[in-house]
Amino acid sequence: MDISARSVPSTPASSRIPRNSRRKACRKCVEGKTACDLGKPKCKRCKDRGTSCEYPAQVRSQSGTNTEDQYAIVDASPLSNVPDAISPDSTLAHLLAQTTGNASHTPDHSTIADSGLVHPHVLDFQEIDLVPMIDAEEIRDRWLRPYISSSTGQEPKQLNVHTIHYLTCVLKSYIRNLIHSIPPPFVHSMQQKATCPPVLAYCFTLVRTWLTRIPGCEPLLLRTIGDEMKKIENQDTSQSDFKNLCSFQAYLIYFMTIHFFHRTHTVREPSQFDEYMQLQMQEIAFRSAKAGLTCRAEESQTRPSWESWIVASAKRRTLFTMYLLSNVYNSELGLPNFVAEELRGTLAPESKILWEASDRALWEREYNRHLSRWEDGMLEISELWKSAETGTESRREKIERWLQSADEFGMMIFSVCAHIHGC
């Protein structure tokens with residue numbers, strides 16, 4: 001039923017409270033002369049554009065009448081409204097609400113669609129066109145590699161202690177940045193701006209709470225984090241590819257938080273809990289990777305849909321991060337690391353301008369330019385590994401072309417590969 005069609009019981013004139021006769025759109029929609037869905041704390045249009053959303057607040061004068069509208073500013077940060085994902089029965093619901101503010105519920109896509117106010121550039125992650133990964137089981141069974149690779153003749157990678165220190169500092173910074181509402185570079189900004197999935201929203205909130213915790217609440221927070229990890233482990237494996245990706249990202253962030261910010265001793269000893277989390281993380285990575293790491297259009301050197309590209313690109317980045325974390329983990333325990341042969345042929349992280357594009361038109365325009373630069377085929381992660389082509393003029397030209405537009409994440413991947421394999 002249309003809200004505007006609801007009847008309002010008549011009230012004696014003497015008891016009526018003076019008020020404005022119409023509902024107010026936010027200031028941005030008024031200025032743009034566009035329909036506003038009146039979503040709180042931010043309308044859909046402002047969320048899509050990543051701008052602040054200002055609603056008129058009625059200020060009552062002493063005479064009982066309403067004065068001029070005042071606008072309340074809502075933070076434009078995509079992580080500022082994450083408590084929507086907190087379940088009512090959560091032990092930490094009250095604590096987390098205090099930590100992040102009491103934001104009202106943001107309408108989902110169905111609510112907006114029913115009202116006929118869908119933004120023309122809204123993202124729909126239901127139709128993702130990827131090529132299934134044939135060797136995905138190798139990701140799930142990666143924990144066996146240190147124990148069986150020696151018998152197959154595969155040589156372990158030689159990681160310098162300084163490379164491990166470098167990786168540790170970089171990965172820890174991904175978690176610390178959540179305090180400032182900066183997501184890790186393997187989570188695409190549009191994953192949050194469209195409709196921040198509950199599994200990620202809750203993860204960001206919990207980790208931020210852990211990093212800013214009051215001494216003494218560690219057992220409660222760790223128990224809650226453990227409960228959330230268990231929920232991810234037991235999720236329906238048939239859920240959408242997008243949800244599997246978000247679950248994988250959340251589990252990886254939880255693991256990194258516990259590994260880097262709960263373990264305080266210098267000399268690490270393997271524990272059943274650590275090994276269990278490693279196994280579960282690789283199982284969850286397998287669930288996400290088996291649906292594919294590459295868009296069909298990417299294989300044919302054509303432009304995919306923005307949604308398919310976001311999911312594929314975020315998957316690749318998340319998987320690369322997990323493998324780098326595994327290198328740190330194994331090195332700390334004295335276990336060997338091996339080249340991830342199952343990822344051979346996986347595309348290297350894309351350019352900064354593509355990854356940070358905030359609207360479809362910009363992304364499509366830049367992707368067309370991207371295709372014209374890579375007519376010989378886009379750089380694959382295995383081209384950064386040691387091979388017969390390492391050091392050749394053609395290989396170096398291709399790597400240098402990729403580096404010209406790489407973002408900080410891509411530069412980090414290159415640095416580690418250059419330390420291990422040369423370039």
Side-chain angles (χ1 to χ4, degrees), residues 44 47-51 76-82 85 106 109 119 121-130 171 173-175 177-178 180-204 207 239-253 256 284-285 288-289 291-295 297-298 303-322 346-367 370 378 381 405-413:
K44 184 62 179 160
K47 285 184 68 178
D48 289 341
R49 291 169 174 263
T51 61
S77 168
L79 298 184
S80 62
N81 301 319
V82 290
T106 302
H109 288 299
H119 192 281
H121 300 299
V122 69
L123 278 76
D124 181 4
F125 289 104
Q126 297 304 311
E127 300 295 332
I128 304 300
D129 189 18
L130 307 183
L171 295 177
S173 73
Y174 294 168
I175 303 303
N177 276 338
L178 284 171
H180 308 293
S181 298
I182 302 174
F186 51 84
V187 177
H188 196 277
S189 61
M190 296 309 294
Q191 288 182 247
Q192 307 156 76
K193 290 182 180 178
T195 297
C196 192
V199 68
L200 273 181
Y202 204 177
C203 172
F204 293 150
V207 171
Q239 66 179 354
S240 72
D241 199 7
F242 178 68
K243 289 184 178 179
N244 277 326
L245 165 63
C246 294
S247 296
F248 175 26
Q249 292 169 327
Y251 202 93
L252 176 60
I253 291 171
M256 292 169 67
I284 295 165
S288 182
L293 300 175
T294 308
C295 303
E298 286 179 312
R303 191 184 71 209
S305 70
W306 194 22
E307 290 87 344
S308 294
W309 183 87
I310 287 173
V311 170
S313 184
K315 276 190 188 184
R316 296 191 289 256
R317 286 174 172 246
T318 307
L319 204 56
F320 293 152
T321 304
M322 187 196 80
T346 302
L347 298 181
E350 54 297 302
S351 70
K352 179 182 181 72
I353 194 167
L354 277 178
W355 178 254
E356 295 183 354
S358 58
D359 66 76
R360 191 182 301 274
L362 171 61
W363 179 84
E364 290 180 349
R365 184 168 62 251
E366 292 302 327
Y367 199 89
H370 171 75
M378 288 173 269
I381 192 67
S405 57
D407 65 354
E408 291 81 357
F409 183 81
M411 291 297 294
M412 183 270 292
I413 293 288

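Keep in mind that this is a model prediction, so the values were computed, not measured.
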Backbone N or O of L293 within a donor-acceptor pair of the R316 side chain at under 3.5 Å? yes

Could you grab the distance from atom CH2 of W363 to atom OG of S305, nearest 0.5 Å is fine? 7.0 Å

Separation between CD (Q239) and SG (C246), nearest 0.5 Å, reads 9.0 Å

Smallest separation among heavy atoms of A250 and C203, with atom names: O-SG, 3.7 Å

Mark yes or no for whether T346, through its side chain, and I381, through its backbone, hold a donor-acceptor pair below 3.5 Å. no

Identify the heavy atoms of P184 and F204 that sit nearest to each other, and give their distance. CD-CE2, 4.2 Å

With a 4.5 Å heavy-atom cut-off, do F242 and P197 have their side chains touching? yes

With the side chain counted from C-beta on, respond yes when K243 and F125 share a heavy-atom pair under 4.5 Å apart, and no when they do not. no

CG-CG distance between D407 and L354, expressed to the nearest 0.5 angstrom: 10.0 Å

Does the side-chain contact (heavy atoms from CB on, under 4.5 Å) test come out yes or no for F409 and Y174, once each step is laid out? CA-CA 10 Å; F409 183 81; Y174 294 168; 3.5 Å; yes

Which atom names give the shortest non-hydrogen contact between T321 and R317, and what distance separates them? OG1-O, 2.8 Å

State whether E366 and R303 are salt-bridged, where the test is any N-O pair (Lys NZ or Arg NE/NH1/NH2 against Asp/Glu carboxylate O) under 4.0 Å. no

Using the rule given for side-chain contact (heavy atoms from CB on, under 4.5 Å), can you reason through D241 versus K315, listing the C-alpha separation, both sets of side-chain angles and the distance that settles it, and then say yes or no? CA-CA 10 Å; D241 199 7; K315 276 190 188 184; 2.7 Å; yes

Locate the shortest heavy-atom distance separating A291 from L130; write the atom from each residue and the value. O-CB, 3.6 Å

Answer whether the closest heavy-atom distance between the side chains of S247 and Y251 falls below 4.5 Å. no

Could you tell me which non-hydrogen atom of A357 sits nearest to which non-hydrogen atom of W306, and how far apart they are? O-CZ2, 3.5 Å

Taking Q249 for the side chain and F186 for the main chain, is one N or O donor matched with an acceptor at less than 3.5 Å? yes

Do the side chain of H188 and the main chain of M190 share a donor and acceptor less than 3.5 angstrom apart? yes

I need the minimum non-hydrogen distance between L178 and V207, along with the two atoms involved. CD1-CG1, 3.7 Å

What distance separates Q126 CD from E307 CD, expressed to the nearest 0.5 Å? 10.5 Å

To the nearest 0.5 angstrom, please state how far the CD1 atom of I284 sits from the OG1 atom of T318. 12.5 Å

How long is the gap from CD1 on I310 to CD1 on I128, to the nearest 0.5 Å? 8.5 Å

Can you find a heavy atom in the side chain of R360 that is under 4.5 Å from one in the side chain of L123? yes

Could you walk me through whether S405 and H370 pass the side-chain contact (heavy atoms from CB on, under 4.5 Å) test, one step at a time? CA-CA 10 Å; S405 57; H370 171 75; over 6 Å; no

Is there a side-chain contact between S313 and L347 (heavy atoms, below 4.5 Å)? no

